[in-house]
Amino acid sequence: MIEVRYDRGVHLPRQDLWLDPWEAKRFAFVSHAHGDHIAPHEEIVVSEPTARLMQSRLPGARAEHVLPFGERRTAHGLDVMLLPAGHIFGSAQCLLFAGDETLLYTGDFKLRSGKSAEPAQWRQADTLIMETTFGLPRYRFPPTEEVIDQMVAFCRETIDAGEVPVLLGYSLGKAQEILCSLDGAGLTPMLHGSVYQMTRIYEQFGQSFCKYVRYNPNDVAGKVLICPPSANCSQMLERIARKRVAMISGWAVDPSAVYRYGVDAGFPLSDHADYHDLIRYVELVQPQRVFTLHGFAAEFARDLRAWGVEAWALSEENQMELHFGGSDVVRRSVPKAFGNAARRPDHSTPQSEFLAFANVGEVIAATPAKLEKIRLLADYLRDLASEQLPIATLYFTGRPFAQSDSRTLQVGWAVILRALQAASNINDTELHRIAGAHGDAGKAAFEVLDGQTAPQPFSLRESRKLFENLYRARGPSAKAKLLQNRLSILSAREGQYVVKILTGDLRIGLREGLVEEAIAKAFDVALEQVKEANMLLGDIGQTAALASRHELHRLELSLFRPIKCMLATPLPTAEAVWERFAGTTEQGDRVPALQTRPTVFLEDKFDGIRAQLHRSAQRIEIFSRDLRRITGQFPELADQARHLQEEVIIDGEIIAFEKGRKLTFFDLQKRLGRKSDGEDLFARAAADVPLAFVVFDLLWLNGESLLRIPLRERRRHLSGLQLPSQFQIARVIPAYSAAEIEQTFQQARRRLNEGLMIKDPESFYLPGSRGMFWFKLKKELATLDVVVVAAEFGHGKRNNVLSDYTFAVRDEATGELLPIGKAYSGLTDAEIAELTEHFKQNTVANYGRYRTVKPDVVLEVAFNSIQASARHASGLALRFPRIKAIRRDKNVDSIDKLQYARELASQRGNLPASFGRGA
DNA sequence: TTTGGCTGCCC
DNA sequence: ATTCTGC
DNA sequence: GCAGAATGGGCAGCCAAA
């Protein structure tokens with residue numbers, strides 16, 4: 001019999017024919033236009049409509065065997081016939097004649113006749129390879145007319161109730177089927193942009209639809225909105241206050257689908273065969289053996305075997321008993337072919353996956369438009385095979401390992417430079433000239449390596465291996481050696497991207513946030529779902545993998561999976577804070593109507609480490625702000641948490657704390673990076689720097705998430721907890737005016753705390769969001785007038801400007817100018833440009849990227865605290881220094897004196913300026 | 001054995 | 001941490 | 001308003017040079 005294999009697509013090795021392969025192949029049959037895997041194939045067999053659909057958005061030459069339906073033809077030496085598959089417009093099955101044997105491959109198919117696809121046909125075949133997305137008996141779709149009637153009724157009822165019906169269905173195929181179904185119902189469909197585009201393409205090919213309009217946010221009333229599933233929970237839909245959302249999908253026969261998709265209703269209108277039709281199809285084709293693909297392939301094959309038909313599941317994914325078919329995922333989205341030139345590898349090193357990755361990075365770097373970046377990345381990710389997808393996705397966040405992976409490489413600039421030098425054989429001065437000239441490790445790597453290496457193909461899997469080996473190697477020398485060995489056999493572009501990942505900074509104007517958006521776009525899933533999954537997994541690669549299989553919904557918030565912190569937006573004054581609340585009150589939706597004045601919750605802002613503690617009866621973990629597990633750093637707190645009565649996730653701040661003695665962040669820091677191996681640390685650390693856990697939020701209580709109840713309620717639950725002695729609840733003070741906020745801020749400062757947190761009592765806990773519900777008020781301690789004594793070129797886009805200034809105060813005793821800190825932040829690009837010019841003309845000594853300058857530019861520098869330090873010659877250093885202003889009115893004779901800075905430093909707790917100089 | 005440089009992680 | 005900038 | 005880029009001080013741990 002015809003040999004059939006599976007390796008990310010069905011392969012017939014004797015015929016050297018691939019059926020819907022995921023990756024570029026020499027010769028392949030492409031069943032329908034959902035596929036985005038077409039472009040790279042060298043030679044394809046397709047139906048005419050599919051070819052035309054492809055041609056319309058994938059111009060360019062490739063060898064195509066365009067075959068009519070129902071006629072036996074020869075293509076590439078093979079004897080084949082295409083039959084309509086009924087899935088979407090143009091979808092085809094492939095019947096292969098090999099000697100006196102036949103094989104029928106269905107692709108995605110359905111038996112019921114749809115309104116926008118050719119009805120399916122069939123022939124007897126010896127081997128049947130069939131798509132079995134809905135291969136469980138419970139997937140039995142009701143009669144189509146019945147479903148359509150229900151759907152129309154849903155739309156009518158929704159409109160009659162003054163709400164907007166929203167129907168979710170894939171842009172290509174399903175949406176047009178919906179559109180046809182609404183024909184004659186007296187409803188006006190309004191199409192989401194992507195649906196609109198697809199529909200227009202259908203029309204170009206002669207399909208006609210009922211009257212519809214394009215999405216217009218101001219005119220949704222009375223219309224039926226048709227959107228792709230990804231639009232659910234999107235901003236576009238959020239804006240429509242009164243709506244009812246329905247998912248149009250075969251999965252809707254499952255009653256839980258409504259909850260899983262987060263919609264109001266579901267209608268099982270499917271482009272796939274249901275269980276009954278799958279069985280019927282096997283009866284029609286009368287095969288001697290069956291191979292099943294996608295969805296419940298293993299289950300369906302088992303059922304067939306029970307009926308006496310020889311049947312086996314083909315793809316490995318099927319063994320996992322998914323609820324969602326892989327085929328739906330991988331092939332659903334429609335590709336954009338433009339801008340893919342980058343994916344064409346350099347011909348010098350063909351087949352290098354890593355080069356393809358790097359080239360995509362280059363194209364993304366080249367466009368400033370965010371949406372374009374997202375699109376480019378989505379196109380790349382969508383094409384990747386399941387093994388490559390998680391790796392490349394991770395790299396686009398600039399990480400060699402997942403965020404939840406605690407491994408660190410210990411490879412920095414020094415190691416990279418050493419490896420670059422050895423790999424390229426250039427001399428030290430030349431290396432430093434190049435490194436200096438760019439101020440960007442990646443660019444320097446490119447220039448250093450260009451033409452100096454003997455590139456070999458580098459797969460993504462090998463790249464992962466490289467990072468793992470770099471981790472394992474002990475010591476900078478060993479790491480540099482390892483890196484050198486690899487760099488010497490990479491192209492310059494690949495070397496550049498290896499270095500970019502090592503430095504943790506791709507600098508292509510795209511980071512985790514946009515990578516999440518790209519995942520959502522690539523696999524047509526909701527952005528919110530991607531973000532939540534990424535947070536819970538702590539692994540964007542895995543997130544992408546799950547998204548590609550539409551399995552994100554399986555992830556749930558749970559104990560010991562850290563939640564991203566809710567963050568606060570900084571504001572400079574109490575008035576500015578109050579405006580945010582008072583301002584929204586007038587529009588009237590944030591604060592309950594019964595209150596005449598808005599209430600805000602005030603808490604002291606503690607200067608410690610943000611921490612999230614998860615506690616069950618069996619286990620306790622503490623996570624840092626970046627979701628790193630830091631339980632080992634605070635053993636006594638973890639130990640005490642056992643005495644809590646409940647299962648909780650609490651959010652708070654770990655501070656250095658001892659009764660009667662003010663401890664600072666500085667004290668706390670001494671405990672921070674400590675290695676925890678053994679009980680001795682327990683006693684020693686605790687004795688050194690005693691701790692307290694100040695709790696200000698409760699996110700989980702006895703099996704239930706509290707994220708989506710108001711802060712007010714969460715606080716109420718929190719106050720009911722019995723806390724161990726080293727835990728304390730942050731005091732909340734309600735306030736009703738800017739004056740009260742200011743007064744409480746001053747009190748917080750007197751309590752030696754950093755400042756004030758101002759929170760909306762009605763707000764939910766929004767993980768990872770720095771929204772308009774939490775604010776922080778933190779004023780500068782004081783400002784110093786200082787003079788710039790040295791300037792440096794910056795990095796990245798500040799490569800060619802002197803953006804980084806070292807500044808000094810005057811030591812009265814000796815008359816010297818003593819450096820006290822550095823800063824760039826606070827100046828606009830224009831000011832930096834101006835100062836660059838000035839310092840270039842007033843350079844005292846030029847050391848390349850660093851130069852001392854004539855001390856004549858006076859800056860007003862703000863900071864939050866000042867303390868003794870060996871970092872600068874003044875013996876003092878500033879915390880959070882930033883430039884307040886260029887004091888053009890001052891000269892070097894009127895800058896602040898060292899003595900004054902010392903006084904500030906010596907004040908207890910660095911009280912605010914008003915307590916110091918009396919200003 | 002001490003010290004300085006490097007790295008990562010807190011703010 | 002802080003701040004600015006482009007989308 | 002958000003995401004990204006570019007920048008600050010200071011600690012502990014680790015390795016390699018002194």
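Chain letters run A, B, ... following the sequence lines, proteins first, then strands; residues in each count from 1.
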Quick one: which of [options] gets closest to the side chain of [X]?
X        : options              : answer
A:Pro368 : C:dC7, C:dT5, D:dG9  : C:dC7
A:Lys776 : D:dG13, C:dG6, C:dT2 : C:dT2
A:Tyr824 : D:dC2, D:dT7, D:dG10 : D:dT7
A:Leu514 : D:dA3, D:dC2, D:dA6  : D:dA3
A:Asp829 : C:dT5, D:dA5, B:dG8  : C:dT5
A:Asp505 : D:dA5, B:dT7, D:dT7  : D:dA5
A:Gln867 : D:dG10, D:dG1, D:dT7 : D:dG10
A:Lys531 : C:dT3, D:dA3, B:dC6  : D:dA3
A:Lys675 : B:dT7, D:dG13, D:dA5 : D:dG13

With a non-hydrogen cut-off below 4.0 angstrom, is [X] in contact with a base, only sugar-phosphate, or nothing?
X        : value
A:Leu827 : sugar-phosphate
A:Leu510 : sugar-phosphate
A:Lys884 : nothing
A:Phe863 : nothing
A:Ile508 : sugar-phosphate

Report each atom pair, protein N/O against N/O of nucleotides 15-18 of chain D, whose distance is under 3.5 angstrom.
unit_1, atom_1, unit_2, atom_2, d
D:dA16, OP1, A:Ser477, OG, 3.1

Looking at [X], does any N or O in its side chain come under 4.0 Å of the phosphate oxygens OP1/OP2 on [N]?
X        : N      : result
A:Ser869 : D:dG10 : yes
A:Arg871 : D:dG9  : yes
A:Arg674 : D:dC11 : no
A:Arg882 : D:dT7  : no
A:Lys822 : D:dG8  : yes
A:His795 : D:dA5  : no

Considering only residues two or more places apart or on different chains, which pairs with a residue in residues 857-879 of chain A satisfy salt bridge (Lys or Arg N to Asp or Glu O under 4.0 Å)?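 Matches after skipping sequence neighbours: A:Asp607-A:Arg879, A:Glu860-A:Arg887.
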Round to a whole Å and report the spacing from [atom1] of [X] to [atom2] of [N].
X        : N     : atom1 : atom2 : result
A:Glu831 : D:dT7 : CD    : C1'   : 16 Å
A:Asp440 : D:dA5 : CG    : P     : 11 Å
A:Ile540 : D:dA3 : CD1   : P     : 13 Å
A:Tyr805 : D:dG8 : OH    : C1'   : 15 Å

Under 3.5 Å: donor-acceptor pair, side chain of A:Arg882, backbone of A:Phe880: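 Checked: pair present.
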Below 3.5 Å is the cut-off: list the nitrogen or oxygen pairs between protein and nucleotides 9-11 of chain B, distance only.
unit_1, atom_1, unit_2, atom_2, d
B:dC10, OP2, A:Arg628, NE, 3.4
B:dC11, OP1, A:Arg610, N, 3.0

Would you mind reporting whether A:Phe839 and A:Val788 have side-chain heavy atoms less than 4.5 Å apart?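 The answer is yes; the side chains approach within 4.5 Å.
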Any chance the side chains of [X] and [Y] put a donor and an acceptor closer than 3.5 Å?
X        : Y        : value
A:Glu754 : A:Asn864 : no
A:Asp651 : A:Tyr765 : yes
A:Thr367 : A:Glu372 : no

Can the ring centres of A:Phe467 and A:Tyr395 be said to be less than 6.0 Å apart?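 They qualify: ring centres under 6.0 Å apart.
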Taking the six-membered ring for Trp and the full ring for Phe, Tyr or His, determine whether the centres of A:Phe581 and A:Phe775 are under 6.0 Å apart.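 Yes, ring centres under 6.0 Å apart.
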So is A:Arg849 actually on top of A:Phe793's ring, under 6.0 Å and inside 45° of the axis?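 The answer is no, since A:Arg849 fails at least one limit relative to A:Phe793.
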Go through A:Glu512 and A:Asn534 one step at a time and tell me if the side-chain hydrogen bond (donor to acceptor under 3.5 Å, both in side chains) criterion holds. CA-CA 10 Å; A:Glu512 195 145 16; A:Asn534 184 32; 2.9 Å; yes
5' precedence on DNA chain C between A:Ala369 and A:Ser825 (nearest-nucleotide basis):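 By nearest-heavy-atom nucleotide position, the 5'-most residue is A:Ser825.
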For A:Tyr497 and A:Phe357, take the angle between the two ring planes, folded into 0 to 90°, and tell me which bin it lands in: parallel under 30, tilted 30 to 60, perpendicular over 60.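 Perpendicular.
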